[in-house]
Amino acid sequence: MSEFEGLDLQAVEDQMDTDEGGDGSDRIVLGVLDGSTDPDEWLETIYGGAVLVLNVDGDLNELASGFARGIKEAGGELVHFRGFLIVTPPGVAIDSDRLE
């Protein structure tokens, strides 16, 4: 028996449909950090309470320079992990203890 056979996907989908507004810490936004998105758009997403998982396509320091400081100053966190930049809003911690 597969580990997924016991999952009630309909119940999960129903819960997703009833979530309020779809913004806040219950939202994860996937994207590509390649310089094509205005840094203010990333900031707005984080300030709205969402978590960003961005595939880094280029120089991380250069690409994140337009929003990284603002995120940190607001109390958010940024972690570069396996080619991705994970960015969380204030109040959402990134636990990297298992990476050590």
For this session: Verify side chain to side chain contact (heavy atoms under 4.5 Å, CB included) between Val87 and Trp42, making sure each step is shown before the conclusion.
Result: CA-CA 9 Å; Val87 187; Trp42 298 131; over 6 Å; no
For this session: Apply the test side chain to side chain contact (heavy atoms under 4.5 Å, CB included) to residues Phe67 and Leu33: give CA-CA distance (whole Å), side-chain angles for both, the deciding distance (0.1 Å), then the verdict.
Result: CA-CA 11 Å; Phe67 64 90; Leu33 184 60; 3.8 Å; yes
Exercise. Checking side chain to side chain contact (heavy atoms under 4.5 Å, CB included) for the pair Val56/Phe84: CA distance, chi angles, key distance, verdict?
Worked result: CA-CA 5 Å; Val56 179; Phe84 292 91; 5.8 Å; no
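Here Val32 is tied to no hydrophobic group at all, with no ILVMFWY side chain closer than 4.5 Å.
A donor-acceptor pair under 3.5 Å links the side-chain atoms of Glu77 to the main chain of Ile94, judged by distance alone.
A single hydrophobic cluster is seen to contain both Val79 and Leu30, as judged by linkage of ILVMFWY side chains at heavy-atom distances under 4.5 Å, directly or through other members. Leu78 and Leu60 fall within a single hydrophobic cluster, where Ile, Leu, Val, Met, Phe, Trp and Tyr are joined by side-chain heavy atoms under 4.5 Å apart, directly or via other members. There is no path of hydrophobic side-chain contacts, each under 4.5 Å, that joins Leu85 to Val92.
Nearest heavy atoms, Asp97 versus Asp95: N-OD1, 3.0 Å. Considering every non-hydrogen atom in both Val29 and Ala50, the closest pair reads CG2-CB, 4.0 Å. Ile46 and Pro89 make their closest contact through O-CB, 3.3 Å (heavy atoms, listed as atom of the first residue, atom of the second, distance).
Atom-to-atom distance recorded for Leu52:CG and Ile86:CD1 is 10.0 Å, nearest 0.5 angstrom. Between the CG atom in Asn61 and the NE2 atom in His80 there is a gap of 9.5 Å [rounded to 0.5 Å]. The line from CG of Leu54 to CG of Asp34 is 9.5 Å long, rounded to the nearest 0.5 Å.
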